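Working notes, beginning with the structure itself.
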There are 2 protein chains.
Amino acid sequence: MEIRRLIEKGFAVKKFRKDSIIYEPGMQPKNVYFIKTGEVRMVTISDEGKEFIQGVFKAGQYFGEPALLINRPYLAYTIVNKDSEIIQVAKDGFFLLIEEEPDFSMALIKTLSNRLFYKSMMLEELANEKAEHRLLTLINYLLADVEVGNALRFTRQELADMTGLRVETVIRGVKLLSSKGLIFMVKGKIVRGM
Amino acid sequence: MEIRRLIEKGFAVKKFRKDSIIYEPGMQPKNVYFIKTGEVRMVTISDEGKEFIQGVFKAGQYFGEPALLINRPYLAYTIVNKDSEIIQVAKDGFFLLIEEEPDFSMALIKTLSNRLFYKSMMLEELANEKAEHRLLTLINYLLADVEVGNALRFTRQELADMTGLRVETVIRGVKLLSSKGLIFMVKGKIVRGM
DNA sequence: GCGCCTTTATGATCTGGATCATGTTTTACA
DNA sequence: TGTAAAACATGATCCAGATCATAAAGGCGC
């Protein structure tokens, strides 16, 4: 798919080590980032140092377009979760991609729509719902792309950082949901049932 | 701009009275809605009846695309704020618009990016920041498209429904921000200073 | 298998903002 | 321009979840 095409077109692949920071808030966007291998997280960090995970991006996905497209400084950090290979496509190249690759433009629109869907869902949860409800909604959303019978590969801390809750609250919440039969657990892991 | 083109192309303009509901959560998306005149709000409503304002859309803007594009049922209500004239463009027509109007596709991508920016900003606020900070961020964002010296045209209740706070908290918060000189008020209205 | 770091667990206390109650002031429009 | 409705205001109480503290399991490299 896309990534191979980019390499063919001569874009350089750059390696990033775990925990390195690809960009931080306030920086003026220069590139869009296509992940060849590895994983990154996009997080905002409050004055008190609390992380909020805006998104997690994996091989085959890209990130950093919105800020570039509307020409505003980044709001978030993007930090490397696992050693990664990433292709940086500069502004002009990205615009060319949108204009000249007919499918890419449509795929981008759908990608942005999916992210909006997720953020709208989470906004409603954070604004209106209590811990238990928030957690259940997030877990169900995340389980949708886990194979039946497999475990959710997020720690309690990560669930906390995605819901704006604290680890302790997530731990207690997960127990509660499990005891109510709303989620299924195997050996302390949340598992997609049925 | 776009709206005129749509009318030329023979799309019918439909009238909606204030308070009527254009669609509700769970409905399968069939159209994208272009506002010729008037104003609507997109809101999610919790089980306890609390509204969260996901967005406000005015003349010249459109809404309802993301759900249509990714083919998922709506998450939110869209409710008419003021008597409106709205052009409904069905799925096929909208896809045609994207494919055939070269500028439209790019404009849509930027629109989606702007909405993502706003939602990311608010997610960070709701997840990590206290009432006062939340309010200040929202107010500054909203003031950006108010003329210098003009007042913000949102009620305390609306600010509450955009921040996930309660009216009383917004009222107290606005006073506090004003007393600290972080926002400027004239006759009880928040005004864009400088 | 042993030690060390990460993750999960659980109890006790504290607090920001919700909730409830009851005005007062502004705005809309008849 | 009078009046009802909407918006703003303020005090008192309450509570979900944060915070703090301390410990038990898991995982993983050597």
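Owing to the predicted nature of the structure, the values given are computational and were not obtained by experimental measurement. So you know, we letter chains A, B, ... as the sequences are listed, proteins then strands, and number each from 1.
Against DNA chain D, the stretch residues 119-145 of chain B makes no heavy-atom approach under 4.0 Å. Within residues 155-171 of chain A, the residues having any heavy atom closer than 4.0 Å to DNA chain D are, in order of number, Gly164(A), Leu165(A), Arg166(A), Glu168(A), Thr169(A).
Nucleotide dA25(D) holds its C1' atom 14 Å from the CE atom of Met185(A), rounded to whole Å. Going from atom CG of Asp19(B) over to atom P of dA5(D) covers 16 Å, rounded to whole Å.
Taking the six-membered ring where the residue is Trp, the centroids of Phe34(B) and Phe63(B) are separated by 6.0 Å or more. Taking the six-membered ring for Trp and the full ring otherwise, Tyr33(B) and Phe16(B) have centroids separated by 6.0 Å or more.
At the phosphate of dT10(C), OP1 or OP2 sits under 4.0 Å from a side-chain N or O atom of Lys175(A).
Between Lys110(B) and Asn71(A), the side chains place no donor N or O within less than 3.5 Å of an acceptor N or O (distance only, hydrogens not considered). Side chains of Lys119(B) and Gln54(B): a donor-acceptor N/O pair is present below 3.5 angstrom, by distance only.
Axis deviation across the helix from dG1(C)-dC30(D) to dA30(C)-dT1(D) amounts to 60°, comparing end segments of five pairs, rounded to 10 degrees.
Atom OG1 of residue Thr163(B) and atom CD of residue Glu125(B) lie 10.0 Å apart, to the nearest 0.5 angstrom. Atoms OG and NZ, on Ser46(B) and Lys130(A) in that order, are 8.5 Å from each other to the nearest 0.5 Å.
In this structure, Tyr23(A) and Tyr74(A) have parallel ring planes: the angle between them is below the 30° cut-off, well short of the 60° mark.
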Report, as a single string ordered 5' to 3', how protein heavy atoms within less than 4.0 Å touch nucleotides 24-30 of chain C: B base, S sugar-phosphate only, - not at all. ---S---

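Residue-to-nucleotide contacts include no donor-acceptor pair under 3.5 Å from the side chain of Arg172(B) to the base of dG16(C).
Remark: Arg41(A) does not engage Glu158(A) in a salt bridge, criterion side-chain N to carboxylate O under 4.0 Å. Taking a cutoff of 4.0 Å between a charged side-chain nitrogen and a carboxylate oxygen, Asp83(A) and Lys18(A) do not qualify as a salt bridge. Contact check on Glu129(B) versus Arg134(B) returns no salt bridge, with no Lys/Arg side-chain nitrogen under 4.0 Å from an Asp/Glu carboxylate oxygen.
For Glu65(A), the side-chain hydrogen bond (donor to acceptor under 3.5 Å, both in side chains) partners are Arg115(A), not counting sequence neighbours.
Counting heavy atoms of neighbouring residues, nucleotides and ligands inside a 6.0 Å radius, atom CD of Glu147(B) does not exceed 12 of them.
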Indicate every side-chain donor-acceptor pair of residues 169-185 of chain B with a distance under 3.5 Å to a residue at least two apart or in another chain.
residue, atom, partner, partner atom, Å
Ser179(B), OG, Leu176(B), O, 2.9
Lys180(B), NZ, Glu132(B), OE1, 3.4
Lys180(B), NZ, Glu132(B), OE2, 2.7

